[in-house]
Amino acid sequence: MNRITRRTGGDTLIEMSPTESYAGDQTSVAHSNHSDSPQAEPLTLERINTLTGVRRRETSHVGVCVSRRSSVVRMKCVAWAGGRGLDVLHLLSPLFLLQRWRKLALFLKFRSRIDKQTQSKDSVFFRDGVRRIDFILSYVEDKDGERKQERRREFEANLQKAGLELETEDKSESDDGKTFFLKIHAPWEVLATYADVLKVKVPFKANDIPDNSEIPMNWLSTPFRLPDLIMHPEPDYFTAPFDKDKADFFLIDSKDTFFSPSTRNRIVFYILARCPYTTEDKQKKGIKRLLSNGTYTSAFPLHDSRYWKRTRDPNCESERFSLYNHWATFLCFFKEQPLNLIRKYYGEKIGIYFAWLGFYTEMLFFAAVVGVICFVYGLLTYEENDWSKEICSQDIGGQIVMCPLCDKKCGYWKLNSTCSSSWQSHLFDNVGTVFFAIFMGIWVTLFLEFWKRRQARLEYEWDLVDFEEEQQQLQLRPEYETKCTNRRLNRITQEMEPYLPITSQCARTCLSGATVLFWISLIIACIIGVIAYRLAVYAAFASIMKDSPTNDLHVVGSLITPQLATSVTASCINFVIIMVLNLMYERVAIWITDMEIPKTHLEYENKLTVKMFLFQFVNYYSSCFYVAFFKGKFVGYPGDYVYMFRSSLRNEECDPGGCLIELTTQLVIVMTGKQVWGNIQEALVPWLMNWWGSRKARNHPESLYSRWEQDHDLQSFGQLGLFYEYLEMVIQFGFITLFVASFPLAPLLALINNIIEVRVDAWKFTTQFRRPVASKAHSIGAWQEILNGVAVLSVVTNAFIVAFTSDMIPRLVYMYAYQPDGEMTMKGYINDSLSIFSIAQIPEASRPEPNENPAWFNSSYTTCRYRDYRYPPGHEKEYAHTMQFWHILAAKLAFIIIMEHVVFLVKYFVAWLIPDVPSEVKARVKRERYLVQEYLHNYEVEKLKHQLISDSHNDCTCPPMIYPSLPTHEVLSECL
């Protein structure tokens, strides 16, 4: 079919730049039909006159005054203006002439476009109103125009050879006057051919298995449900892979609507990705290369309507409008998601993401409830905190002098100065923490096992049961087909296929692994640098703030401490390092993944996912791991402090309130800050970019602002778009599982964030992004294994946090074995947990400078206390660890072993108890396979009977008449 263009020979349309077109009068089009107003005035010639500010009687005269430059004409213009009482100087001023010229040009352009316009351009059909637009390509003419034009000519000719039908919108019809739009339509013959190639599953019989999944007290869920038409936009059918030679076997009511728009754009993109664009080298092919070298500027399928109102075309579904109303608005936050409609509109890959995100949010509700209960337990037992009472007591904590926290610049301090932080730590460091850590280990298992069941059900309902094999065998990446020049015989299909030699695979994999290790090492080096910064500046801040000059500040002055100043500045430096390394590593990860030349799209995504997650894991969790397992653990004691790398930097001690409260603070800041910033960035950045990009087109009337221009002005959904959505949620999953023992309210914060996240992502997909190409996925891919790994690691980390970061085990050992009165109380615990050191034995290099000590300190104080279990001065084992230290260490190790074994035993028992695939789904899969075999057998038998009857009557053999006049097209697939 020949390509149709919009340009006509007699068209005298005035060409203008975007600035010239609309800069003249910002108010002239304030009431255009492109506004969000539901009422739209009809666009008539009088309406255009009003919009442009040009009156009919003045048009010709002003045009003459502007366009001609002879003195005679100028005199006529002066006379005409004077007769109407106009200011002649104002009329002939350059600014006035330029404004009137712009208004006249805008008037002529709108009028010429309306004269040619036979239907609204806000449509998803060709100009004939029959053929649906399945894909859009856009391009502009530039300096390298001839070479790119030749590529486009050859590429489009090959598309036509493949059977696609094309129609071009000239640049004069576009908003900027520069962009051409190529509309692509796939006719039935092409769709049938490639549906056979891709083994697209289509219905052949209505589902006859009764739905017995009645939920008790189902009426309680009524407020959370959506209309049935939204939840189930299509009837339930048994499906089978499409076979072109057996088209009458399937339930084909209409060839125009048999394949959904998402299936149509997937098929067209499959062709675009494999179509060559040069005659000399057939290896140069694919729309991705043409986009990268600038031959085309964009490639995308169309949204079916505007999101805020239905389309006027009765043949268009307006599914985008339905998704916006029932899914993307925040007022629907308590409603279920229309997963079937999401899958139908965006494809299975995006549908499976939102199904997983919704299920994860539902499961977070139970974890959040238990976490709140544990937090409430800490509040209720607040007054029973004996050790905090001792710390705050003037008779106990007020009389205990603590050793300096750093060399030279830190002085002696009293224990009761940590009174408030001690009370705060009890909210999270109590018996409920142990219970919650064990509960979360079991919750993770339940979440993963129930998700497998939900995923299996979706695989069946969305026809993805056998998709993995199809993915591996049929959907080779075009880059793999192009770069792998070697061919070998496939033992299964007995056909020649491209392959990558094993030596090349090993070399590429080794180089890739070395690159990832190098970048992870770079992160660790940066972390060590930040730790060294904290150690170096803490003493400086302590010296600067010794006289508390910040107390003069209102409200916050008393809260600024050396620890806070050090943490804030170190966190800012760490944040900058994280952002810079993220930006650099993203490009490196894509480059090394491309270098490995993965065979399929699934393999490519999995390799990239693993590389990116390893990097992000170290990047985001490193600070929490440092606080939980390293900070304050290797500091020595006053006479023998441990220094970092044998330098002058003394290892950092925990906050006086304990390490757990510091881990809680770190977790809250990193987790909530990342989530809030992520949601703002996800919503604000695309909106601002779209607002700026479409600022001129917003003034167009609706009938002139075409559907392809509207989508062209939206943001492109990039290759890593869905990857970052998964990464954000998996990083959050790590925060609420790996370190949840330190903060039971973490699941509650995650739940609130995810309720917002679902709607923000839905709003973003529906209103701010172009419609992505539909793609299939039968699972969440490599993220499933990553979640399993995080779940196992979380049991270990929480056990170590309870044992070594919190004070739970030392308190229990004291209460059961070392309480002097034999009572089951914590009375005397503070004095027992602090060791004594002689001030006279502190080395000169570690002693505080004279002016650093507080005013109350004098020579009468001969000893100071520090957190450890060591013998006092003068003892025969002076400053060696006491037996209580070893008892506590043994109890910690025993707790870790017991907790890990109990949780792992319950995890594996639950995993064994819950089958991955529900029995109902297994029955449906078996029923469907049985029906496919039975119906195909009956179909072949009936077909053979008809052929024998036809042979006996006509004595001739006729070819099957499924496609009597089907033209022969080139099929772009290595799989045929």
Side-chain angles (χ1 to χ4, degrees), residues 2-23 28-29 32-34 40 42-45 47-48 51-52 102 104-142 145 148-149 152-153 156 165-185 295-303 305-306 311-313 693-714 770:
N2 294 329
R3 191 174 65 183
I4 305 170
T5 60
R6 193 80 176 178
R7 182 182 292 278
T8 58
D11 189 4
T12 58
L13 182 67
I14 298 176
E15 295 294 337
M16 303 177 296
S17 69
T19 306
E20 294 171 340
S21 300
Y22 312 113
S28 63
V29 286
S32 68
N33 288 13
H34 179 57
L43 194 66
T44 62
L45 191 58
R47 174 67 175 151
I48 296 177
L51 290 173
T52 57
R102 288 172 175 167
L104 175 63
L106 181 62
F107 163 77
L108 293 176
K109 182 172 183 177
F110 274 9
R111 185 173 66 179
S112 66
R113 293 174 70 176
I114 287 295
D115 290 342
K116 296 190 297 179
Q117 191 67 35
T118 59
Q119 65 175 17
S120 173
K121 297 182 72 176
D122 187 19
S123 171
V124 294
F125 293 93
F126 275 23
R127 290 185 212 111
D128 57 18
V130 176
R131 291 170 296 169
R132 188 184 186 101
I133 301 173
D134 296 314
F135 225 87
I136 290 290
L137 304 181
S138 67
Y139 60 91
V140 295
E141 295 179 343
D142 52 18
K148 293 180 180 178
Q149 188 174 4
R152 287 193 291 266
R153 188 182 301 112
E156 292 164 15
E165 299 176 0
L166 312 178
E167 183 177 88
T168 301
E169 290 288 330
D170 191 72
K171 65 180 180 181
S172 61
E173 297 298 317
S174 65
D175 169 58
D176 58 4
K178 301 177 183 179
T179 306
F180 294 85
F181 291 96
L182 178 66
K183 298 179 284 187
I184 302 176
H185 168 75
T295 304
Y296 290 98
T297 56
S298 63
F300 54 92
L302 289 178
H303 284 294
S305 68
R306 301 181 181 225
T311 181
R312 298 174 181 175
D313 194 332
S694 62
R695 63 192 184 282
K696 303 182 184 67
R698 286 194 296 273
N699 295 325
H700 280 333
E702 177 180 342
S703 60
L704 295 183
Y705 194 31
S706 63
R707 163 73 17 226
W708 43 92
E709 285 185 282
Q710 293 175 42
D711 287 7
H712 183 263
D713 290 339
L714 298 178
R770 298 170 187 164

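All values derive from a computational prediction rather than experimental measurement.
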(request) Only counting residues at least two apart or in another chain, list the ones meeting side-chain hydrogen bond (donor to acceptor under 3.5 Å, both in side chains) with Thr179. (result) Asp176
(request) State the CG-CG distance between Leu166 and Leu137, to the nearest 0.5 angstrom. (result) 8.5 Å
(request) For residues Ile133 and Phe126, report the shortest heavy-atom separation together with the two atoms involved. (result) CG1-CD1, 3.6 Å
(request) Indicate the atoms forming the closest heavy-atom contact of Ser123 with Trp708, along with that distance. (result) O-CZ3, 3.7 Å
(request) Please lay out, stage by stage, how Glu165 and Lys183 fare under the test side chain to side chain contact (heavy atoms under 4.5 Å, CB included). (result) CA-CA 8 Å; Glu165 299 176 0; Lys183 298 179 284 187; over 6 Å; no
(message) Checking Asp313 now: which residues fulfil salt bridge (Lys or Arg N to Asp or Glu O under 4.0 Å) with it, not counting sequence neighbours?
(response) none
(message) Once rounded to the nearest 0.5 Å, what's the spacing between atom CG of Leu302 and atom CZ of Phe125?
(response) 11.0 Å
(request) Examine distances only and state if a side-chain atom of Arg152 and a backbone atom of Tyr296 form a donor-acceptor pair shorter than 3.5 Å. (result) no
(request) Considering non-hydrogen atoms only, spot the tightest contact between Val130 and Asp128 and give its length. (result) N-OD1, 2.9 Å
(message) Could you measure the distance from the CD atom of Glu141 to the NZ atom of Lys148? Nearest 0.5 Å is fine.
(response) 11.0 Å
(request) Compare all side-chain heavy atoms of Glu169 with those of Glu709 and state whether any distance is below 4.5 angstrom. (result) no
(request) Quick one: list whatever passes side chain to side chain contact (heavy atoms under 4.5 Å, CB included) with Ser298, sequence neighbours left out. (result) Ser138, Phe300, His712, Arg770
(message) Nearest 0.5 angstrom please: Arg306 CZ to Asp711 CG, how far?
(response) 10.5 Å
(request) Apply the test side chain to side chain contact (heavy atoms under 4.5 Å, CB included) to residues His303 and Leu714: give CA-CA distance (whole Å), side-chain angles for both, the deciding distance (0.1 Å), then the verdict. (result) CA-CA 11 Å; His303 284 294; Leu714 298 178; 4.1 Å; yes
(request) List the atom of Arg127, the atom of Glu167, and the distance in Å for their closest heavy-atom pair. (result) N-OE1, 3.3 Å
